[in-house]
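One structure below.
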Amino acid sequence: MELKIGSVVRSKAGRDKGSFLVVVSLCEQNGYVNVCDGKERPLERPKRKNACHLAVTNTVLPPEDTAANHRLKKALNAFASAQDKTQGRCF
Amino acid sequence: MIVLKTERELKLMLEACRISAEALKMAGEALEPGMTTAQLDSLIRKFIKSKGATPTFLNYNGFPGSACISLNDEVIHGIPSHKRVISEGDLVSVDLGACINGYTGDTAATFAVGQISPEAKRLCDTTRESLYEGIRCAVVGGRLGDIGHAIASYCEQRGYGVVREYTGHGVGRTLHEDPAVPNYGTPGRGVRLLPGMTIAIEPMINQGSAAIKTMSDGWMVKTTDGKLSAHFEHTVAITRDGPLIMTQL
């Protein structure tokens, strides 16, 4: 699945491994994107990550959810808790 | 929250379940020694898309494949890979789902590639039969504990381990709905079964102990003792006329 602005991703490598992040911009440099979580990585200080270190999910947040840190944090928490509910359930 | 489906919703869901079942049948027929799990995944993806549906598992919580393909001692959630080659005598568990009309179907089966040992065949047969034992208990007025107890007692009497860390689930508009459907339980306990409930019953049975470990990719689950594991699954609707196996062709 193609990464686009607003895509929720799970980090596969680095100190943020396992956490959910949102793509806020695509870098000009091929294969890199900027991601934020609204807390450790606020919108003012996004993290540049190699796309191959991210697992993309089907969820894309609407622009209003990525407009402010508190909105972004809330949306990601909601996504993570929904994901928690499916823990332990087999595909 | 458990969502009860209307007759109309069940009809829409049947279409998704039929495509899932056809894709699983196709995968079973396409299996041959020498192919990689990524090739099989690609065939499944193309088949589901050719029917106008979308593979439910693809990118679900970041899962990179259209199907979970697990070999031998891998219990569930095997990520399709170009490096995993299927060989003669392997047990291949294929778990897949298709989404169409806003509803999803979910089904799985373990296939034998070529000749397998009598022990492996017995494991597969027992797991399949335990699934039908569970389905037989999915009747209006019954309880979830009845289903779990039927599966666990059938398999444990035959010396197999029943995986307890992972469960079946409700299925419908999304892949994972309430309730969780464990493969163990106490008869007469648990959620009461009502008409319109749609659940995925999926026993995961190990040849040895029930202990499992999750691998470093965060998805694949293997048996700790390295013994074989089998997995069968059907999406079942609970109706007044008895259980309706929606993913049965």
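Computed from a prediction, not measured in an experiment: that's the story for all the values here. Each chain gets a letter, A, B and so on, in the order its sequence line appears, and its residues count up from 1.
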Which of parallel (below 30°), tilted (30 to 60°) and perpendicular (above 60°) describes B/H176 and B/H169?
perpendicular
Is the closest side-chain donor-acceptor distance between B/D73 and B/Q207 under 3.5 Å?
no
Interface residue of largest heavy-atom contact number with chain A, from B/T56, B/D217, B/V221, B/D95, under 4.5 Å:
B/D95
Measure B/E202 against the heavy atoms of chain A and call it side chain, backbone, both or neither at under 4.5 Å.
side chain
At a heavy-atom distance under 4.5 Å, which candidate from A/G18, A/C90, A/G88 has the highest pair count against chain B?
A/C90
Would you call B/K25 and B/E22 a salt bridge, taking side-chain N to carboxylate O under 4.0 Å as the test?
no
Can you classify the ring geometry of A/F79 versus A/F20 as parallel (below 30°), tilted (30 to 60°) or perpendicular (above 60°)?
perpendicular
B/E177 versus chain A, the contacting section by heavy-atom distance below 4.5 Å
backbone
